[in-house]
Structure formats: C-alpha cells, structure tokens
Amino acid sequence: MAFPSINEQMDVIKRGTVDVLPEDELVKKLERSIKENKPLVIKQGFDPTAPDIHLGHTVGIRKLRQFQELGHQVVVIIGDYTAMVGDPSDKKSTRPRLSHEQVMAHAQTYQDQFFKILDKEKTRVRFNGDWFKKMTFEEIMSMAASFTVARMLERDDFARRYAAQLPISIHEFFYPLMQGYDSVEIKADVELGATEQKFNLVIGRHIQKEYGMEPQIILTMPVLEGLDGKQRMSKSLGNYIGIDEPANEMYGKTMSIPDELIYRYFELVTDVSAGELAEIKAQLEDGHTNPRDLKARLARTLVRMYHNAEAAQSAEEAFRNLFVKKDIPDDMPVFPLKEDMRIVDVMTAAGMAESKGAARRLIQGGGVSLDGEKINDPFYNITPGDPRVLKVGKRKFVRITPALS
RNA sequence: GGGGAGAUUGCGGAGCGGUCAAACGCAACAGACUGUAAAUCUGUCGGCCAAGUGCCUUCGGAGGUUCGAAUCCUUCUCUCCCCA
C-alpha cells in the first residue's frame with residue numbers, strides 16, 4: 001500500500017488538532033512508515049460509561065477515520081477496566097464505579113456506533129481488561145512504581161481537588177497509569193485524545209519509555225462545546241446531539257447552537273473540505289450572510305452524514321414549518337382521551353410536565369396552548385371530542401384524540 | 001494512633017430552637033424580543049389537593065430531648081485539615 005506524502009498526511013492530521021507532541025517525532029515516524037511500508041498504530045481509548053455516542057465523541061473518532069484513510073492501523077481500546085475506575089479528568093469529584101456487567105453492555109452499543117464512522121474492516125478493537133485482569137500484584141506494583149505522587153498531583157484536576165480539600169481516592173491514581181500501560185500493550189505510535197487528556201497521554205509516553213519502548217506521539221483534539229455553547233458536550237449535561245438521534249431532532253438541535261460554534265462544528269465534526277471551510281469562515285465574517293443560513297447548512301450536513309439526503313431535506317422542511325411558519329409538526333405523540341380530564345392532568349399523564357404543580361406553573365406562565373389558543377386556567381377541562389393539539393413550551397406537542405374503547 | 005472542622009433543596013452557599021419548603025448566586029424551565037442563536041427584561045423553580053393562617057416529604061443515616069428540631073444531645077457513616 002502506498003502512503004500519501006508526509007505533507008499531505010500532516011495536513012490531514014493537523015486539521016482541527018490542538019497539539020501534536022512532539023511534531024518532529026511524528027514526522028520521523030511517518031517517514032519510517034513510508035520507507036518500510038508499514039502503517040503506524042493509532043490508538044484511542046474510550047470509556048464505555050455512557051451508551052450513546054454523540055457529536056463530541058466524533059471529533060476523535062473522525063480523526064481516527066482520517067488516519068485509516070491515510071492507510072494507518074487504528075486500534076480502539078474499550079476501557080472496560082479503566083471504566084471501573086472512572087477517569088477523574090475534568091471532574092471535580094470521584095466518579096461512581098461501574099460494574100463489569102454494565103460496562104460490557106455499554107461497550108456493545110459503543111461498537112455498533114463506532115462503525116458508523118470507522119471502517120470496521122480496518123479497525124482493531126481491544127478491551128483493556130484482556131491484559132489487566134491477568135496482571136499479578138507484583139506487576140501492578142512495578143507499574144505503580146514508575147510514577148510519583150508529586151507528578152500525579154501536578155495534574156490540574158487532582159491539584160484542584162486536593163487544594164479544595166475534596167476527596168481523591170488512591171484508585172484514581174491508577175487511571176492514568178492504566179491508560180498509559182494500554183499503549184505499551186498495543187505498541188502505540190500515536191495516541192489521540194481530547195485536550196483534557198493531555199496528562200494521561202503524556203504518561204503513556206513516560207510508561208512506554210519505562211518499558212523500553214519508543215514513546216508514542218500525542219495528538220490532542222479540542223473538546224466540543226455542547227448546545228449551550230459553554231460546557232463540553234456531554235450526555236449528563238443534556239446538551240448533546242447523539243449520532244443515533246432521529247433526523248428532525250438532530251436538525252433542530254443543531255439549529256440551537258450559538259453562532260460562535262458554527263465554524264467549529266464544521267471544522268471538527270463534518271467532512272467539508274478545507275476550501276469550503278475557508279469559504280464558510282469568510283461568510284461568517286463578511287456581515288452579509290445570515291449566520292442562520294450557515295447553521296442550516298451545518299444541520300443539513302450532519303443529518304446527511306448520519307441519515308441521508310432525503311432525511312436532511314425533510315428535516316429542514318419540518319423545521320421551517322414548525323419554527324419559521326409556526327405550524328404544528330406533522331408527527332407528534334398522541335394522547336388518547338377517554339373522558340373529561342383537566343389540562344394539568346393531561347400534561348402530567350402525557351409527560352409534558354413533571355408534576356401537576358409544574359404544569360400549573362407553566363399554564364400561569366403563559367407557556368401552554370390548545371389549538372393555538374393560550375390557556376390561562378389551570379382547571380380547564382379537555383373533553384374527548386375533536387382531535388386537538390396541546391402545546392407546552394416551544395417544542396412539546398401532543399395530539400389529543402378520543403380513545404377508541 | 002491523637003486532635004480539630006464539616007455533611008443543607010441540581011450546584012455553590014446562608015440559616016444555628018418556633019416567623020423555614022429553608023436567604024442569596026448559578027444552572028434549569030416558561031414568557032417577551034428574535035433566527036428554537038446570543039444579549040437583555042419578566043416570571044417560576046419539593047409534592048398533593050377546585051388552593052388555604054391546608055396537608056405530606058425534605059437540611060448525611062438511626063435514635064433521643066422539647067409543646068415545637070435544619071438548628072440541642074447520643075450514636076453511626078462519609079469527607080477535609082493538623083499532629084504522630
């Protein structure tokens with residue numbers, strides 16, 4: 001197999017990348033790979049702590065995909081053992097430890113989703129439990145001996161937690177060591193991770209040296225901000241776009257990102273070419289283009305990537321009808337009504353409000369309408385007559401129909 | 001091993017015997033304005049009841065004192081700090 005030239009490879013590798021450390025070593029590795037016609041081993045680890053992959057994860061996965069396209073060997077590590085520790089990076093507290101069963105179940109759904117982006121044939125998947133569960137205590141001690149507490153405490157989050165008098169459990173110190181040891185096991189040439197992973201990635205270099213290996217290159221990718229534009233995209237913060245989400249959801253969520261993120265999303269999570277990227281950037285800055293239109297293009301692009309062109313088209317139409325023309329959506333959940341019910345009861349029963357109190361407050365706050373008419377009376381009675389559309393907030397709709405009994 | 005401090009409603013953080021479902025800030029939700037963007041302004045922010053000086057659950061867990069406890073006592077669990 002012929003590899004592209006060093007420059008071509010570096011251009012691809014550096015798109016969107018924050019750090020390549022050290023860059024000259026990477027160039028050397030690439031040179032050697034071309035000379036010996038041998039692919040580099042590219043590693044990225046994933047904690048199967050949450051079962052859904054969202055756009056934030058795809059930043060790294062897509063970089064792996066690019067390496068595959070360049071002809072290199074991608075190894076995805078499922079951190080079944082490390083997940084039981086829980087990565088303390090960027091967390092202010094100890095994560096709950098997961099059971100091995102939970103982890104394995106998550107791992108399966110993870111893999112299904114990986115291959116929406118990665119080429120399955122060209123990907124090796126390894127579980128780090130494969131080697132960790134066989135380790136003797138002696139081996140664990142020698143691994144632990146390769147690193148000092150002082151260096152461990154240099155790490156930002158540990159330092160912060162220590163200073164803030166928050167608990168740090170000993171087992172959390174194992175996380176970076178284990179991740180580093182994974183690189184030893186698979187003889188990684190390059191390890192990819194988010195910027196917050198930098199410390200862990202550097203430890204990988206350190207440990208590889210301890211084990212007499214050539215250290216890996218570390219490549220850090222930015223952490224993608226979520227829908228709120230401030231915090232990292234994450235499932236637990238609820239500000240994410242999942243790659244398995246229905247087309248309309250995906251489109252709508254994309255439209256709600258702040259304008260400042262439009263370019264970043266194009267750069268990090270879509271395939272638009274370098275030329276198009278430059279054009280988008282220019283349009284965002286020229287003051288003539290409505291950022292909304294670029295955002296719509298982003299939304300279409302994403303839906304096309306994870307669904308298809310028709311879905312993108314219809315999601316866009318649905319979005320326009322709903323929010324530009326303020327029509328009601330075509331599809332909405334149906335609530336069968338058997339007998340008269342008060343509106344607050346319907347809202348709670350249909351899952352549109354957490355409690356009757358909350359429903360009442362929504363009504364009093366003017367957030368509820370029935371067939372387009374604002375309802376102000378929390379005791380309003382709905383009768384199972386004609387089908388009616390109940391709207392709560394901006395985007396919760398339910399169609400009330402008489403129950404067929 | 002010894003001594004000290006602490007655990008409050010999503011988070012931070014007041015409260016230190018009744019007036020506490022618990023100040024304030026953040027987040028969140030709804031409304032106005034918009035481009036389901038941002039910023040700003042307004043309202044809400046434990047649950048239940050046709051809604052009131054109403055009832056129920058909540059201030060780490062379990063007991064106790066008291067007419068009355070987030071507040072006092074005992075004990076347990078967890079955390080942090082200092083000493084060894």
Side-chain angles (χ1 to χ4, degrees), chain A residues 90-94 96-97 153 158-170 172 225-232 234-241 245 247-266 283-284 287-300 302-303 315-329 332 340-345 347-349 351-369 372-382 390-397:
Chain A
D90 197 39
K91 288 280 156 178
K92 45 187 175 177
S93 59
T94 312
R97 299 177 60 191
L153 285 174
F158 281 146
R160 245 183 293 123
R161 281 165 63 187
Y162 192 67
Q165 310 192 343
L166 292 165
I168 302 172
S169 298
I170 298 287
E172 293 182 72
E225 290 82 0
L227 304 178
D228 56 304
K230 292 184 194 119
Q231 291 185 281
R232 55 176 307 161
S234 96
K235 193 174 182 185
S236 51
L237 291 172
N239 61 352
Y240 71 104
I241 302 176
E245 292 198 62
N248 287 7
E249 276 296 297
M250 197 179 262
Y251 190 98
K253 282 188 177 182
T254 305
M255 288 306 283
S256 77
I257 65 168
D259 292 357
E260 298 76 62
L261 251 43
I262 296 174
Y263 180 78
R264 201 163 163 79
Y265 271 49
F266 269 116
Q283 287 179 328
L284 279 167
H288 302 302
T289 315
N290 188 336
R292 182 198 50 190
D293 299 331
L294 289 169
K295 214 187 316 189
R297 176 173 167 194
L298 174 65
R300 277 197 307 276
L302 287 172
V303 175
E316 180 152 291
E317 276 162 28
F319 179 85
R320 286 215 177 118
N321 287 338
L322 188 49
F323 294 106
V324 181
K325 293 199 224 150
K326 305 229 188 273
D327 276 354
I328 55 168
M332 67 180 91
D340 281 21
M341 257 175 112
R342 272 183 308 165
I343 190 160
V344 288
D345 295 314
M347 284 166 69
T348 47
M352 302 171 96
E354 301 227 325
S355 68
K356 287 181 199 178
R360 189 172 304 115
R361 279 180 235 120
L362 282 166
I363 292 164
Q364 279 157 357
V368 178
S369 64
E373 301 235 351
K374 210 159 255 190
I375 303 294
N376 297 309
D377 174 15
F379 301 113
Y380 186 91
N381 244 308
I382 303 184
L390 178 64
K391 181 182 178 193
V392 175
K394 269 185 219 134
R395 45 185 313 198
K396 283 188 206 148
F397 290 88

d([atom1], [X]; [atom2], [N]) in whole Å:
X       : N      : atom1 : atom2 : answer
D228(A) : A27(B) : CG    : P     : 10 Å
E354(A) : U44(B) : CD    : P     : 19 Å
Q364(A) : U44(B) : CD    : C1'   : 10 Å
R342(A) : C48(B) : CZ    : P     : 11 Å
K391(A) : C29(B) : NZ    : P     : 16 Å
Y263(A) : A38(B) : OH    : P     : 23 Å
N239(A) : C29(B) : CG    : P     : 11 Å
L284(A) : A37(B) : CG    : P     : 17 Å

Distance between [atom1] atoms of [N] and [M] (Å, rounded):
N      : M      : atom1 : answer
A22(B) : A70(B) : C1'   : 8 Å
U40(B) : G17(B) : P     : 40 Å
A21(B) : C59(B) : P     : 14 Å
C48(B) : U58(B) : C1'   : 15 Å
G18(B) : G2(B)  : C1'   : 40 Å
C16(B) : C73(B) : C1'   : 15 Å
U9(B)  : G47(B) : P     : 15 Å
C76(B) : U66(B) : P     : 23 Å

query = Side-chain contact, heavy-atom cut-off 4.5 Å: K374(A) with V368(A)?
reply =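 No. Closest side-chain heavy atoms not under 4.5 Å.
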Presence of K356(A) side-chain N/O under 4.0 Å of C49(B) phosphate oxygens OP1/OP2 =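 Indeed, a polar side-chain atom of K356(A) lies that close.
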key: Contact under 4.0 Å: S355(A) side-chain N or O vs G46(B) OP1/OP2   =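 False: S355(A) side-chain N/O out of range (4.0 Å or more) of G46(B) OP1/OP2.
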Using purine N1 to pyrimidine N3 plus N6-O4 or O6-N4 for Watson-Crick, or N1-O2 and O6-N3 for G-U wobble, both under 3.5 Å, which nucleotide pairs with [N]?
N      : value
U71(B) : none
U77(B) : A7(B)
U40(B) : A32(B)
G12(B) : C24(B)
U19(B) : none
U65(B) : none
C48(B) : G54(B)

ask   = Run the salt bridge (charged side-chain N to carboxylate O under 4.0 Å, His left out) check on E316(A) and R297(A) step by step: do they pass?
value = CA-CA 10 Å; E316(A) 180 152 291; R297(A) 176 173 167 194; over 6 Å; no
request  = Find out whether the Lys NZ or Arg CZ of K253(A) is both under 6.0 angstrom from the six-membered ring centre of Y240(A) and within 45° of the ring's axis.
outcome  =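 Flagged: K253(A) positioned over aromatic ring of Y240(A).
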ask   = Is a side-chain N or O of S355(A) found less than 3.5 angstrom from the main chain of A358(A), in a donor-acceptor match?
value =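 Yes.
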request  = Indicate yes or no for a side-chain donor-acceptor contact from K295(A) to the backbone of M255(A) under 3.5 Å, with no hydrogens or angles considered.
outcome  =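 Between the backbone of M255(A) and the side chain of K295(A) there is a qualifying donor-acceptor contact (under 3.5 Å).
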task = Let me know, please, whether Q231(A) or N381(A) comes out on the 5' side of the other along RNA chain B by nearest nucleotide.
result =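 The answer here is Q231(A).
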ask   = How far apart are the closest heavy atoms of A315(A) and Y251(A), and which atoms are they?
value =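 Looking at all heavy atoms of both residues, the shortest contact is CB-CB, 3.8 Å.
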query = In chain order, what residues pass the salt bridge (charged side-chain N to carboxylate O under 4.0 Å, His left out) check against R292(A), with sequence neighbours excluded?
reply =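 With sequence neighbours excluded, R292(A) shows a salt bridge (charged side-chain N to carboxylate O under 4.0 Å, His left out) to no residue whatsoever.
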request  = Look at E225(A) together with K230(A) and state whether they make a salt bridge at an N to O cut-off of under 4.0 Å.
outcome  =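 Salt bridge between E225(A) and K230(A), a charged N being under 4.0 Å from a carboxylate O: no.
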key: With L362(A), the side-chain contact (heavy atoms from CB on, under 4.5 Å) member among I375(A), V344(A), V392(A), I343(A)   =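 In the set I375(A), V344(A), V392(A), I343(A), the residue that makes a side-chain contact (heavy atoms from CB on, under 4.5 Å) with L362(A) is V392(A).
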key: Side-chain donor/acceptor contact of R360(A) with base of A50(B) under 3.5 Å   =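 Between A50(B) and R360(A), which were checked side chain against base, a qualifying N/O pair under 3.5 Å is absent.
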remark   = Letter by letter from the 5' end, nucleotides 30-36 of chain B scores (B base, S sugar-phosphate only, - none; protein heavy atoms under 4.0 Å) SSS--BB
